[in-house]
A.B. asks: 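Input: one structure, supplied below.
Letters A, B, ... mirror the listed sequences (proteins, then strands); counts begin at 1. Values below: all heavy atoms of this structure, side chains included; hydrogens, waters and symmetry mates excluded.
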Amino acid sequence: MTLARKHLLGIEPLERAEIEEILGLAVSMKELLRQDLKKSPALRGKTVINCFFESSTRTRSSFEIAAKILSADAVNWSSSGSSVSKGESLIDTAKNLEAMRPDILVIRHAASGAPHLVASRVGCAVVNAGDGAHEHPSQALLDAFTLRERWGSLEGRTVAIVGDIRHSRVARSNIYCLRKLGARVRLCGPPTMIPIGIEALGCDTTFDLREAVTGADAVMMLRIQNERIAGSLFPSTREYSKLYGLSQAKTSWLKDDALILHPGPINRGVELEPEVADGERSVILDQVENGVAVRMAILQLLAGGVA
Amino acid sequence: MSQSELFLVNGRLLDPATGVDGVRTVHVVDGRIRSISADLPSNTQGVKVIDCAGKLVLPGFIDLHAHLREPGEEYKETILTGARSAVAGGFTAVVAMPNTRPPIDNAHLVRFVLDRAAEAGLARVYPSGAISKGQEGKDLAEIGDMVQAGAVCITDDGRPVMDPALMRRALEYAKTFDLPVMVHEEDLHLAAGGCMNEGAVSTRLGLRGSPNVAEDAMVLRDIELCALTGGRLHIAHLSTAGSVRAVRDAKRRGLRVTAEATPHHFTLTDEAVGTYDTRAKMCPPLRTQADVDAVLVGLADGTIDAIATDHAPHSAVEKDVEFERAANGIVGLETALPLTLALVRSGAISLMRAVELLSLGPAKAFGLPGGRVAEGEVADLAIVDPEAEWRVDPARFESKGRYTPFEGWTLRGRVDLTLVGGAIVYESKESGR
C-alpha cells in the first residue's frame, strides 16, 4: 500500500480518497500502538530524519515514536546549535541531510513553504510537520481521525474552529481536511485574527463565539500564542478569554454531545477553563494518542514499506 | 562618439513627440539625427546603410528605475553588465538607484557611477542620489553637491521616507534644483513585514501580506506634501488601484506629480506566487487583477508617465531560499519591451502610447535628453522586430541576474539593434541581419 504521491506537504493537494487511505491505515496502526509488544518490521532498514527548524517536543516525539514502532531508524535533527545557526541555507542543510540517505525527511519550519522548497531539491520523501502559518497536515489528519472515531463519518457534521485563524497552520489544514470529508466549518475569532479571503477556502466566519459554537458538533480551540499580544491582535489575554475562551458556563451553549478539541499545548484558563479541558466532552488526549497512529500511517505509506 | 554617418532605411519610424508613424529614412551624422525623410537616400557611397524593413525604429528607451548594484554588490550586477542588459533591452539610458553599498549619498559616489558608465560606453547611466544620508531617513544628504556632480533625482529607493517632516524638507529643498524626488511608497507599519500582497492568496499560503493601503496612504500623504511645497514628486512602481486614482486626482489639481509602473505589475497578479515562487517576490508586491486593470487604465489615460523596470538583479544567495526570507526584485531590462508590446496586442494601449511610455514619457518626467526621433536630437535609437518570438531563458541574459517570473514564457517583440549617440551598442544574434 502506497500513497499516489511522494511527499505530504499539505492537505490542500490531497484527494479525499488519499485522506481516507491514510485514516484507514491509521485504524490498524492504532491497534498496533495499543499492543503489549508495539513493534512492526514494516520500515526496517528505513531512515527517518526529523528536521525541526522550530521547536516542538510534542510533534517531534510523535513522529519519532511512530517511526520507531515501525522499526525505522529515527534521527532527530534540530536547528539550534546546528549549521543553520552558522548561516547555512535551508537548501544546503537539506542537501546535506539527504546525502546521509534518509528515506523520509520530516520538516518543521517557521517559514511557510519551507518544506515545498526542500521537496523540490531532494530525492527522498518530505513530510510537512508544520510550516509557518500555512499547513500542518498530520495534525488535521489526527483531528479527523479522532472525530471519525467518535462519529463514524464527518459527513454533514459542523466543526467550529476558534482562535487565531490568521496565524494558524492547524486551522488551514483542518479547513481543507474537514471540508474534503464532508463537514462544514465555521471560523471564529476577533476580526484581527480572521485573515482576508479565508472564506474562499469554503468556510463561514463569525466574531461571535456563541454563534460559532451553537449547533456545532465539535469545537476546535486554537492555542493563543502569547507573543501575538505584542502585535496588538487583542488587548489582553483577560479580554480574549472573556470573549473567546470556553468556560464551563459557556459550554451550556454547546450541543450535549459536542466534542472539544485542542491541538495543544493548552493555555489553561485562556482558551479553555481547566474543567472544560479535562471534562467529558474533551478528546484532547485522544488526539495525542491518535497522532502517533496517524503518523505511523503517513510514514508507512510514504516509505512504501510492506505492512 | 566618433565621427560617423549612417542611414536607417525602410523602417517604420514612430516618434511620440511629433506623432510621426510611417516608413522613413533616418540619417545619423556624428551621433545626432541629421535628417528624417520619406525618401530613400540618393547617395550612400561609403556610408553604412541599415535596412530596417519590417522593423520599428523607435526612440531609445529610458528606464527611470534600475539597480546596477555597483559599488558594493558586484556579484549581483555591475554598471557594465547592467548597461549591457539595458542596451539588450533597447534601453539607451537608465537611472541608477542609490541603494548600493555604501549608498550613493555624496558627490564622489555620483562621479564614480558616471566614470564607470563612461568606461562601459554603452547605455547612458544617470545616477540618482539618496534623499537622506546613508538612506537612513534622518538627515538630508548633500543634495546640491550631488546634483552638481550629475545626479538627476533623489530617492531613498527601497526605503520609504517614513518621517513626513523629512519628506517635506526633501521636496522643498529639491526645488532649488528643480529636482524630482522619487519615492517608494510603503507605510512600513501597515506593511507589517508582509512579504506578498495581502489577500486571498496570502491567506491560503499562510504568508504575511502587505495591504494596498500601505501604498495608498503614503501616496496620498506625499501628494499633499507635494501640494504644500510645490516640489516635484515621482512615484516609483505604483501597483494599486488606489495609487492610480490618487495620482490621477493630483494631476487634475495641477500638481507636479509623475508616476511609473513596471511590466511585472501590469502583467502579473499575486497568483504568480504559486507555491512560494521567489521569482514572483517583489516590493511592492504583485497585486490583484483589479489593481492590474487600474494600472492599465492609468497607462492608457496618461496618469502614469513611464514604464520603468525596477531592474533588481539578485543572486541565488538571496533568491533560492524560503519565500519570506527571499530578497525582493527581478531582472527587468531585457523583458520590458515584449511585455509592453503585449499590452498593445491586448488593446490596452496603442503602439504609439507604448513607445511614449518607454521613451518620451520618462524623458519628460525627469527632464532627460532623448525620447525623441527628430532632427538635431541625439541618435539614441532602438530597432525592434515587433513580431519575433523568443523564449525567456535567464541563462542568456546579459544581466548577471537570473530571476524572473517570465522564465520559460514565449514573448513577442525583440530588440534587434540599439544605438546610443549613433553608435551601435547592441545587435541581436537572432536578428539575421
A.B. asks: How far does CG of A:Leu117 sit from CG of B:Asp320, to the nearest 0.5 angstrom?
C.D. replies: 6.5 Å
A.B. asks: Near B:Arg221 CZ, under 6.0 Å, is it more than 12 heavy atoms from other residues, nucleotides or ligands?
C.D. replies: yes
A.B. asks: What are the two closest non-hydrogen atoms of B:Gly206 and A:Ser112, and how far apart are they?
C.D. replies: O-OG, 2.6 Å
A.B. asks: Parallel, tilted or perpendicular: which fits the ring planes of B:Tyr276 and A:His134, with parallel below 30° and perpendicular above 60°?
C.D. replies: perpendicular
A.B. asks: Is the number of heavy atoms from other residues, nucleotides or ligands within 6.0 Å of CZ (B:Arg391) greater than 12?
C.D. replies: no
A.B. asks: Of all of A:Gly197, A:Ala133, A:Ser168, which one pairs up most often with chain B through heavy atoms under 4.5 Å apart?
C.D. replies: A:Ala133
A.B. asks: How long is the span from the CZ atom in B:Arg204 to the CZ atom in A:Arg172, to the nearest 0.5 Å?
C.D. replies: 11.0 Å
A.B. asks: Decide if atom CD of A:Glu199 counts as having more than 12 heavy atoms of other residues, nucleotides or ligands within a radius under 6.0 Å.
C.D. replies: yes
A.B. asks: Quick one: pull up OG in A:Ser89 and CD in B:Glu322 and give me the separation to the nearest 0.5 Å.
C.D. replies: 8.0 Å
A.B. asks: Is it true that atom CZ of A:Arg5 has more than 12 heavy atoms of other residues, nucleotides or ligands lying nearer than 6.0 Å?
C.D. replies: yes
A.B. asks: At their closest point, which heavy atom of A:Ile198 faces which heavy atom of B:Thr203, and how far apart are they?
C.D. replies: CD1-CG2, 3.5 Å
A.B. asks: Is A:Arg121 in contact with chain B via its backbone, its side chain, both, or neither, using a 4.5 Å heavy-atom distance?
C.D. replies: side chain
A.B. asks: Compare every heavy atom of A:Arg166 with every heavy atom of B:Glu198, then report the nearest pair and how far apart it is.
C.D. replies: OE1-NH1, 4.4 Å
A.B. asks: Are more than 12 heavy atoms, taken from residues, nucleotides or ligands other than B:Arg402, located less than 6.0 Å from that residue's CZ atom?
C.D. replies: yes
